[in-house]
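The structure under discussion is supplied below as structure tokens; questions concerning it will follow.
Throughout, numbering of the chain's residues begins at 1 and tracks the sequence.
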Amino acid sequence: MSEKNRDGRNQSARERLQQQREREKAREKQRRVLIVTAGVVGVLGLAAVVGVIAANAGKDGGSDKAGPVVAPAGSIEGDKPAIPVGASDAPSTLQVWEDFRCPACAQFENVFRDTVHELESSGALKVEYHLATLIDGNMGGSGSLRAANAAACAQDAGKFPAYHDTLYINQPQETDDAFGENAKLIELAGKVPGLDTPSFRSCVEGGTHDSWVEKANRAFQNGGFRGTPSVLLNGESVFPTKGAEQISPANLKKWVAEANKGKKPGTAFPSAAPSAATGTPSAG
């Protein structure tokens, strides 16, 4: 082979490699993933949190043919639909805007789960979970919607907290739309005693609460949030920081104690699990 031909082939290979790199950069840019470097958080070492930016939140994967809005049992309605956990008269409220496919949401939940449950059970804190479908819009698929509908079905059965935690503990990779399969969501329900019933399966497979989830996602889109998770304590953002303080389990307990000073803990816990139903229609 002549030197000239060899040089031509080498140049062509370099050009192909450069083009491939440019394509990879473009694909990465399209994912619109925001890396929030949170540093080391408390003694648990939550070193970095990946938050998904809401730039593409408008593409929520919803359908113009969606049916009537069917709210899950005991949900909070109005312009910010949510599923509440804890005593309804607790003196402080934690609002969590999250997406079951969001890896940063799973990291938040897995680090703060025990602390949040402790504060809930003591009556110091109630939590309002606002379900978004951001990842479906950003990356395609339907896992955010399908998982949120299944979680709403679990709320009908009085099993939302346990199923919510199960979904995050078993969350697939962000690019794996495993939650888009109802069979997978039903399989995970088997990890929550008493949840895998014909009523729950019918609710999951029928997409009973799909329109309610889409309404909740519109509230997220209209809320001015930068991404998921977005966490507010009594209306003030506390993730990844509250003022100059980094969030940590210890700091969250401290912030709740400060907010609750002089106030009595809540005692109005649900007396019994609501019956497994299909929910009741609400205004869309």
H164 and Y129 aromatic ring geometry - parallel, tilted or perpendicular at 30°/60° bounds: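 Because their plane-to-plane angle lies in the 30° to 60° range, the rings of Y129 and H164 count as tilted.
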Ring center gap for F100 and F179 short of 6.0 angstrom: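 Not under 6.0 Å, so no.
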Atom pair NZ (K126) and OG (S92), whose distance is rounded to the nearest 0.5 Å: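 The NZ atom of K126 sits 8.0 Å away from the OG atom of S92.
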Least distance between heavy atoms, G180 atom then S142 atom: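 Heavy atoms only, the tightest pair is CA-OG, 3.7 Å.
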Contacts of type salt bridge (Lys or Arg N to Asp or Glu O under 4.0 Å), residue K253, not counting sequence neighbours: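 K253 satisfies salt bridge (Lys or Arg N to Asp or Glu O under 4.0 Å) with E118 only.
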Between N217 and T133: side-chain donor-acceptor atoms closer than 3.5 Å: yes
Distance, nearest 0.5 Å, that separates CG of D79 from NZ of K215: 8.5 Å
Step-by-step side-chain hydrogen bond (donor to acceptor under 3.5 Å, both in side chains) determination, E77 to S75: CA-CA 6 Å; E77 289 312 299; S75 62; 2.6 Å; yes
Option from F220, W212, W97 for which ring pair (Phe, Tyr, Trp, His ring centres under 6.0 Å) with H130 holds: W97
Inter-residue atom distance S230.OG - F239.CZ, 0.5 Å rounding: 8.5 Å
Full working for side-chain hydrogen bond (donor to acceptor under 3.5 Å, both in side chains) between E236 and W255: CA-CA 11 Å; E236 180 183 0; W255 298 336; over 6 Å; no
Linked, directly or transitively: I186 and V213 (ILVMFWY side chains, under 4.5 Å): yes
side-chain contact (heavy atoms from CB on, under 4.5 Å) assessment of V256 paired with L233: CA-CA 8 Å; V256 171; L233 177 62; 4.1 Å; yes
Shared hydrophobic cluster, L125 / I76 (ILVMFWY, side-chain heavy atoms < 4.5 Å): no
From E98 atom CD to T228 atom OG1, the distance as rounded to the nearest 0.5 Å: 8.5 Å
L145 side chain reached by E214 side chain, heavy atoms, under 4.5 Å: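 Touching, per the 4.5 Å side-chain cut-off.
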Spacing of CG belonging to L188 relative to OG1 belonging to T166, to within rounding of 0.5 Å: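 These two atoms lie 7.0 Å from each other.
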Audit row: Y163, F200, ring pair (Phe, Tyr, Trp, His ring centres under 6.0 Å) steps and yes/no: CA-CA 12 Å; Y163 189 62; F200 174 79; 5.7 Å; yes
